[in-house]
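Worksheet: the structure to be examined is printed underneath.
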There are 2 protein chains.
Amino acid sequence: MKMSTTTTRMNKSDLKLIAVLERTGGFASAQELHQILRREGDGIGLTTVYRALQSLVDDKIVDLLRREDGEAIYRLCGDNHHHHLVCKSCGDTVEIEGGAIEKWAKTMAEEFGFREVGHTAEIFGICSKC
Amino acid sequence: MKMSTTTTRMNKSDLKLIAVLERTGGFASAQELHQILRREGDGIGLTTVYRALQSLVDDKIVDLLRREDGEAIYRLCGDNHHHHLVCKSCGDTVEIEGGAIEKWAKTMAEEFGFREVGHTAEIFGICSKC
DNA sequence: GTGGAAATGATAATCATTTCCATTTTTGTG
DNA sequence: CACAAAAATGGAAATGATTATCATTTCCAC
């Protein structure tokens with residue numbers, strides 16, 4: 001009998017990206033992640049970085065959100081669904097619980113007969129330090 | 001004595017954009033707004049559309065947010081704040097109230113000492129027709 | 001009308017992201 | 001090991017939104 005081959009596929013590039021994201025901690029754009037890897041001597045291509053990030057997002061291993069200028073930024077996410085409170089000025093981010101949102105989304109969707117419901121919600125403002 | 005010349009500057013293009021945004025009601029990207037104006041026979045240039053939108057955003061007459069793909073979308077800001085329930089399949093959109101969200105966003109932001117707070121929240125799923 | 005400032009819009013430049021495609025690496029199998 | 005098929009890779013070109021340039025036009029005060 002074979003070992004399960006249907007667990008999440010994870011190739012070298014995916015692992016590299018995860019490693020960098022773990023190390024850096026916060027959010028980073030694809031370009032930044034690419035530069036970091038290059039600086040460390042890894043010859044990984046930009047294309048591969050984008051590909052890896054996309055597959056990690058698909059597998060819900062990485063969170064994708066947007067800077068104010070629209071650039072995509074990525075971060076490792078825990079397995080618990082959460083939302084973000086983002087500082088418009090310094091980019092600092094706080095993970096917050098969204099119990100109220102979950103309920104709201106569910107209620108609204110049901111009311112209008114929607115199925116397979118998901119939602120996004122972000123709060124942004126200026127943090128106390130800025 | 002002169003009339004106040006220091007009130008918000010508002011040129012023809014600005015007014016055109018405001019008019020379209022009023023008429024369409026929801027969100028629209030710069031490109032879409034440009035197309036609408038063109039379709040209506042207005043020869044306005046894309047550059048001018050971007051310029052006008054930017055100045056309206058600066059003057060806090062228009063809100064800027066982002067689609068999921070990062071494209072900038074604009075809407076008149078004011079007290080008609082609402083959220084959307086979007087069908088992933090047919091794109092149909094329902095405007096909904098977000099009372100719970102407003103409260104949630106406010107509470108969370110205060111808890112972490114954020115100022116000048118805004119938020120985005122969208123629900124997506126598959127509508128009853130699809 | 002005249003001159004200068006503001007507005008306009010076509011075109012080119014920029015920048016993140018995707019697409020293409022040829023090449024390399026990995027993997028499964030005998 | 002050898003070999004073929006599949007997956008991964010990365011460079012270059014394409015895309016698409018947004019911004020910068022710059023020559024021309026419109027506005028207005030005098």
Side-chain angles (χ1 to χ4, degrees), chain A residues 1-21 27-59 61-75 88 91, chain B residues 1-21 27-59 61-75:
Chain A
M1 186 194 186
K2 274 208 273 189
M3 278 294 293
S4 127
T5 58
T6 51
T7 39
T8 303
R9 240 166 274 281
M10 194 73 77
N11 60 26
K12 273 182 194 163
S13 307
D14 291 342
L15 293 171
K16 281 183 199 167
L17 265 297
I18 290 177
V20 178
L21 283 168
F27 285 104
S29 71
Q31 314 265 352
E32 287 163 356
L33 293 167
H34 180 232
Q35 278 175 31
I36 291 171
L37 281 166
R38 279 289 170 102
R39 214 178 297 133
E40 292 172 357
D42 193 313
I44 193 169
L46 184 55
T47 306
T48 305
V49 170
Y50 274 106
R51 238 185 322 239
L53 286 171
Q54 191 148 329
S55 96
L56 291 171
V57 168
D58 289 345
D59 294 343
I61 293 165
V62 160
D63 257 356
L64 182 168
L65 41 150
R66 302 263 163 200
R67 292 226 172 97
E68 256 196 282
D69 66 350
E71 192 178 357
I73 50 181
Y74 305 84
R75 182 172 81 165
K88 285 190 280 198
Chain B
M1 188 195 186
K2 273 211 271 186
M3 278 292 294
S4 126
T5 58
T6 51
T7 38
T8 305
R9 242 167 270 281
M10 195 71 80
N11 60 27
K12 274 181 193 164
S13 307
D14 291 341
L15 293 171
K16 282 183 200 168
L17 266 298
I18 290 176
V20 179
L21 284 168
F27 294 100
S29 70
Q31 314 263 353
E32 287 163 357
L33 293 166
H34 179 232
Q35 278 174 30
I36 291 171
L37 281 165
R38 277 290 170 102
R39 213 177 298 132
E40 292 172 358
D42 193 313
I44 193 170
L46 184 55
T47 307
T48 306
V49 170
Y50 273 105
R51 239 187 318 239
L53 286 171
Q54 191 148 331
S55 95
L56 289 171
V57 168
D58 289 345
D59 293 344
I61 293 165
V62 161
D63 258 357
L64 181 168
L65 24 156
R66 300 264 164 199
R67 290 224 172 99
E68 262 194 273
D69 66 351
E71 191 179 359
I73 51 181
Y74 305 84
R75 79 169 172 204

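Sequence lines set the chain letters: A, B, ... in the order given, protein chains first and strands last, and positions in each chain run from 1. Predicted, not measured: the structure shown is a model, and the values here were computed from it.
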(message) Between B:K12 and D:dC27, is there a contact of a side-chain N or O with OP1 or OP2 at under 4.0 Å?
(response)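 So the side chain of B:K12 is within the cut-off, an N or O lying under 4.0 Å from OP1 or OP2 of D:dC27.
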(request) Please state whether the phosphate of D:dT9, meaning OP1 or OP2, lies under 4.0 angstrom from any side-chain nitrogen or oxygen of A:N11. (result) yes
(request) Could I get the full list of side chain to side chain contact (heavy atoms under 4.5 Å, CB included) partners for A:R67, not counting sequence neighbours? (result)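 Counting only residues at least two positions away or on another chain, A:R67 forms a side chain to side chain contact (heavy atoms under 4.5 Å, CB included) with A:S29, A:E32, A:D69, A:E71, A:I73.
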(message) Run the side chain to side chain contact (heavy atoms under 4.5 Å, CB included) test against B:I18 and tell me which residues pass, sequence neighbours left out.
(response) B:M10, B:E22, B:L56, B:I61, B:L76
(message) Between B:K16 and B:V20, does the side-chain contact (heavy atoms from CB on, under 4.5 Å) criterion hold? Intermediate values first, please.
(response) CA-CA 6 Å; B:K16 282 183 200 168; B:V20 179; 5.6 Å; no
(request) Produce a footprint string for nucleotides 10-23 of chain D: one letter per nucleotide, 5' end first; B if the base is under 4.0 Å from any protein heavy atom, S if only the sugar-phosphate is, - if neither. (result) BBB----SBBB---
(message) When you measure from the centre of the six-membered ring of A:F27, is the NZ or CZ of A:R75 closer than 6.0 Å and no more than 45° off the axis?
(response)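 Yes, a cation-pi geometry holds between A:R75 and A:F27.
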(request) Measure from the side-chain N and O atoms of B:R38 to the backbone N and O of B:I44, and report whether any donor-acceptor pair falls under 3.5 Å. (result) yes
(request) Round to the nearest Å and state the distance from A:D58 atom CG to C:dT18 atom P. (result)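 The distance from CG of A:D58 to P of C:dT18 comes to 11 Å, rounded to the nearest Å.
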(request) Calculate the interatomic distance between A:H34 atom NE2 and D:dT9 atom P; express it in whole Å. (result) 13 Å
(message) Is there a side-chain contact between B:V49 and B:L53 in this structure, where contact means two heavy atoms from C-beta onward sitting under 4.5 Å apart?
(response)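 Touching, per the 4.5 Å side-chain cut-off.
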